[in-house]
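Okay, structure first, notes after.
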Amino acid sequence: MRWLVLLLVGCAASTAPGRLRFRNQDPVTAVNDRVPVDKPPGAYNEGLVEYYFAQEFIDPARFLLTVGEAKPAKNINSLGNVPDSAWFTNRLPTPEEVRRGPGQGGPDQTQPWRVVGVKIGGMAIGITMIDGRGDKYVLKFDEKNFPETESAADVIVQRLTWAMGYNVPENQVVSFKRDQLVLDEKAEYAARSGPKRKMTPADLDRYLAMAQSEGDTFRGLTSRFIDGKPLGGIEPVGVRESDPNDRVPHELRRDLRGQRVLWAWVNHIDIKHQNALVVLTKDNFLEWYALDFGESLGVGALTTSVPRLGYRPTYAWGSALLSFVTVGAYVHPWERTARHPGYRGLGEFEAEQFDPGEWSANHRWRPLDLADRFDQFWAAEIMLRLTPAHVRAAVEAGQYTDKRTTDYMVETLLARQRKLGRWALGRVAPITNVEATDTTLCFDDLWLRHDFGSPSTTRYSMTTYDYAGQRLGSTAMAATGVRTCLPMRPGSAKDNYTMARIEVRRNGKALPLAFVHVAKGPKGFRVIGIDRR
């Protein structure tokens with residue numbers, strides 16, 4: 001398998017090129033992790049009690065006691081990007097593609113849906129049904145007194161998650177009348193406890209009475225069953241030992257660690273292994289999915305009346321101690337938020353008090369805990385490619401009936417997006433689209449591309465070195481716009497291997513360095529690696 005192209009042979013001072021060298025080849029764009037397995041891997045279905053205990057107490061304690069456990073991400077190419085895999089796909093869909101989402105656009109409604117089972121009891125309200133094409137779906141409903149909340153949130157976040165590059169199920173908001181549902185002759189009823197039995201129309205009607213409806217019309221969320229054999233959720237640490245394709249520990253995957261930016265953006269607080277799915281495909285390899293976004297966008301805070309969700313986790317001893325020692329006088333961020341506008345379908349979702357660095361899921365998730373500024377820069381660059389048109393398309397897929405809700409959601413998502421972008425891009429040298437010739441090195445500055453600052457306040461300095469680390473020359477100039485080209489003299493040895501040390505200054509303040517590695521390939525000079533410090 002062609003995998004990582006980094007060859008780290010030592011450490012060096014942050015201002016010098018050090019001994020890190022890259023192979024003279026194009027960066028890897030895809031990994032071969034779809035090799036059929038000889039033996040079907042086992043499932044991961046850890047109980048929630050054991051899972052939460054491990055995430056909240058065991059793993060943090062192990063981290064504190066283990067020297068050097070905070071490691072950088074490993075499933076990246078020489079530019080620091082995540083190649084295409086069974087986990088992630090580099091894509092930039094059009095706004096119209098975001099509006100439609102992946103798949104077939106929802107179930108076929110030209111024929112009645114055959115109900116094959118329901119779940120009654122607990123928090124979830126769900127019907128299993130088969131449409132006219134023979135596709136199997138879960139049909140979910142909003143909680144009573146909270147119309148359009150979970151159904152809209154799930155679809156909106158599903159669209160944005162897919163647009164960011166992740167695998168998601170095919171979800172769609174649907175409206176239908178009672179006669180759209182018919183009982184399959186093999187339909188079974190299963191309460192929380194007790195044996196299954198044949199389901200009756202009375203069972204279905206009693207069940208539908210639990211769901212939010214408008215007269216004889218129901219609004220629901222359909223989620224098509226993912227093709228393949230389900231193998232449980234995603235382990236937060238380690239690999240699936242029985243899968244030879246799964247080689248990078250999950251806590252060291254940049255695509256999982258970078259999700260902290262995405263989940264903070266949409267306030268997806270219900271993160272756990274059960275809200276992810278691994279399937280064994282018909283081609284006998286594993287694919288990894290994110291799912292169940294219904295508590296995002298502040299819906300969880302609204303339906304549970306727990307306003308801290310997204311501001312601090314369940315177990316936050318520092319926050320609790322602060323409240324204790326101030327006898328409740330300290331005002332937490334979630335207590336300072338503006339009054340909820342109360343639009344139909346809207347959760348407790350805002351941007352004013354949102355702090356990207358302080359955002360937290362409800363429970364710990366190891367990949368997010370280990371996310372560093374490089375993981376979050378990678379994710380922020382992708383997130384910022386989604387324009388206001390993409391965001392509006394995703395929100396419109398949620399099908400709010402109140403235009404004020406749609407407009408508020410779009411505005412709030414865009415405001416949170418900019419906060420996240422400014423935060424993530426301000427902690428690295430945010431250069432991208434780097435290209436080299438035998439005389440110049442050109443790059444885009446994401447800070448300037450997204451109007452976080454002015455070219456007049458930005459200045460670059462570059463020092464170049466040859467393969468042996470000997471200094472070749474220096475240059476400096478102010479930004480000429482989003483894209484700047486600096487004159488460069490390449491080295492003379494090892495395919496003209498050259499290392500360019502780039503320093504970015506904003507208003508006189510230096511950002512962390514980036515070293516761009518260049519060499520001459522079959523078609524001329526090319527960038528073979530970026531080492532961000």
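Just so you know, these numbers use all the heavy atoms, side chains as well, and skip hydrogens, waters and symmetry mates. Numbering starts at 1 and runs along the sequence shown.
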query = Side chains of Pro430 and Leu511: does their closest heavy-atom pair fall under 4.5 Å?
reply = yes
Note: Gly469 and Pro17 closest approach over all heavy atoms is CA-CG, 4.3 Å
**Message:** Quick check: do Leu486 and Met477 have side-chain heavy atoms less than 4.5 Å from each other?
**Reply:** yes
Value for CG (Asn433) from SG (Cys442), rounded to nearest 0.5 Å, stands at 11.0 Å
Applying ring-ring contact (aromatic ring centres under 6.0 Å, His included) to Phe354 and not counting sequence neighbours gives none
Between the CD1 atom in Ile382 and the CZ atom in Arg91, the distance rounded to the nearest 0.5 Å is 10.5 Å
Worksheet item: Can Met499 and Leu20 be said to form a side-chain contact (heavy atoms from CB on, under 4.5 Å), step by step?
Response: CA-CA 10 Å; Met499 294 169 283; Leu20 172 65; over 6 Å; no
Rounding to 0.5 Å, atoms CG (Leu448) and CD1 (Ile431) come to a distance of 12.0 Å
Residue pairs meeting ring-ring contact (aromatic ring centres under 6.0 Å, His included), one or both in residues 405-435, sequence neighbours left out, come to none
Across all chains, not counting sequence neighbours, the side chain to side chain contact (heavy atoms under 4.5 Å, CB included) partners of Thr94 are Glu96, Glu97
ask   = If only atom types and distance count, is the side chain of Asp84 paired as donor or acceptor with the main-chain N or O of Ala30 below 3.5 Å?
value = no
All heavy atoms of Pro102 vs all of Pro169, minimum pair found to be CG-O, 4.3 Å
- Hey, can you tell me if His517 and Phe22 have their rings parallel, tilted or perpendicular (30° and 60° cut-offs)? perpendicular
message = Set out, in order, the CA-CA distance, both residues' side-chain angles and the distance that settles side-chain contact (heavy atoms from CB on, under 4.5 Å) for Leu441 and Val434, then state yes or no.
response = CA-CA 7 Å; Leu441 185 75; Val434 189; 3.8 Å; yes
Can you find a pair of side-chain heavy atoms, one from His273 and one from Ile234, that are under 4.5 Å apart? no
query = Do Thr161 and Leu262 have side chains that get closer than 4.5 Å, going by heavy atoms?
reply = yes
CG (Asp402) and CE (Met409) are apart, to the nearest 0.5 Å, by 11.5 Å
Practice task
Verify salt bridge (Lys or Arg N to Asp or Glu O under 4.0 Å) between Arg344 and Glu148, making sure each step is shown before the conclusion.
Solution key: CA-CA 7 Å; Arg344 183 181 178 90; Glu148 303 181 18; 2.6 Å; yes
**Message:** Check this for me: Lys419, atom NZ, are more than 12 non-hydrogen atoms of other residues, nucleotides or ligands nearer than 6.0 Å?
**Reply:** yes
- Message: Quick one about Thr457 and Ser454 (side-chain donor to acceptor, distance below 3.5 Å, no hydrogens or angles considered), yes or no?
- Response: no
Requested in this report: Begin from the C-alpha positions of Asp255 and Trp378 and carry the test side chain to side chain donor-acceptor pair (under 3.5 Å) through to its verdict.
Outcome: CA-CA 9 Å; Asp255 38 17; Trp378 167 80; over 6 Å; no
Q. Quick one: does Phe88's side chain get under 4.5 Å of Arg253's, heavy atoms only?
A. no
Using a 3.5 Å distance criterion without hydrogens, assess whether the side chain of Asn167 forms a donor-acceptor pair with backbone atoms of Ala86. yes
>> Quick check against the 3.5 Å criterion: does Gln417 have a side-chain atom that pairs as donor or acceptor with the backbone of Trp265?
In response: no
message: Any heavy-atom pair between the side chains of Arg489 and Asp466 that's under 4.5 Å?
response: no
Inset, instruction - Report the C-alpha distance between Arg526 and Asp26 in whole Å, list the side-chain angles of each, state the deciding distance to 0.1 Å, and finish with yes or no for salt bridge (Lys or Arg N to Asp or Glu O under 4.0 Å). - result: CA-CA 8 Å; Arg526 59 184 174 182; Asp26 291 331; 3.0 Å; yes
* Check whether any side-chain N or O of Asp355 sits under 3.5 Å from a backbone N or O of Gly357 as a donor-acceptor pair, and report yes or no. => yes
Checklist entry - Is there a side-chain contact (heavy atoms from CB on, under 4.5 Å) between Arg260 and Asp375 once you walk through the steps? => result CA-CA 9 Å; Arg260 187 187 182 282; Asp375 302 320; over 6 Å; no
Is the backbone of Arg427 close enough, under 3.5 Å, to the side chain of Arg373 for a donor and an acceptor to pair up by distance?
yes
Closest non-hydrogen atoms of Gly80 and Arg254, given as atom of the first, atom of the second and distance, are O-NH1, 2.9 Å
TODO: Report the C-alpha distance between Leu92 and Leu386 in whole Å, list the side-chain angles of each, state the deciding distance to 0.1 Å, and finish with yes or no for side-chain contact (heavy atoms from CB on, under 4.5 Å).
DONE: CA-CA 8 Å; Leu92 180 57; Leu386 301 180; 4.1 Å; yes
Using a 3.5 Å distance criterion without hydrogens, assess whether the side chain of Arg366 forms a donor-acceptor pair with backbone atoms of Glu251. no
With sequence neighbours left out, the residues meeting ring-ring contact (aromatic ring centres under 6.0 Å, His included) with His250 are Trp87, Trp288
Correct closest heavy-atom pair for Ala519 and Ile528 would be CB-CD1, 4.0 Å
Open item on the list: Quick one, Arg506 with Asp445, criterion salt bridge (Lys or Arg N to Asp or Glu O under 4.0 Å). Give me CA distance, side-chain angles, the key distance, then yes/no.
Closed with: CA-CA 12 Å; Arg506 314 270 192 217; Asp445 189 328; 2.8 Å; yes
Sidechain-backbone polar pair: Arg459 side chain, Gly508 backbone, donor-acceptor under 3.5 Å: no
*Decide salt bridge (Lys or Arg N to Asp or Glu O under 4.0 Å) for Arg449 and Glu381; before the verdict, give the C-alpha distance in whole Å, the side-chain angles of both, and the deciding distance to 0.1 Å.*
CA-CA 11 Å; Arg449 177 190 293 175; Glu381 180 177 4; 5.1 Å; no
Closest non-hydrogen atoms of Met462 and Ala500, given as atom of the first, atom of the second and distance, are SD-CB, 3.7 Å
Ring-plane angle category for Phe293 and His268, please: parallel below 30°, perpendicular beyond 60°, tilted otherwise. perpendicular
With Ser85 as partner, the option from Asn90, Asn245, Asn32, Asp33 fulfilling side-chain contact (heavy atoms from CB on, under 4.5 Å) is Asp33
Ignoring hydrogens and geometry, is there a side-chain-to-backbone donor-acceptor pair from Lys272 to Trp365 under 3.5 Å? no
Sorted by chain and residue number, the side chain to side chain contact (heavy atoms under 4.5 Å, CB included) partners of Glu503 (sequence neighbours excluded) come out as Ser461, Arg501, Arg505, Ala510, Leu513
Taken to the nearest 0.5 Å, the spacing of Leu472 CG from Met488 CE works out to 9.5 Å
Report task. Measure centre to centre between the rings of Tyr400 and Tyr343, then say whether the value is under 6.0 Å. Result -> no
Those residues at least two apart in sequence (or on a different chain) that pass side chain to side chain contact (heavy atoms under 4.5 Å, CB included) with Leu302 are Phe146, Thr149, Glu348
Contact check, side chains of Thr387 and Arg392, non-hydrogen atoms, under 4.5 Å:
no
When rounded to the nearest 0.5 Å, the distance separating CG of Asn75 from CG of Leu252 is 8.5 Å
inquiry  = Any heavy-atom pair between the side chains of Tyr465 and Thr498 that's under 4.5 Å?
reply    = no
Minimal heavy-atom distance between Ser151 and Val173, with the atoms involved, is O-CG2, 3.7 Å
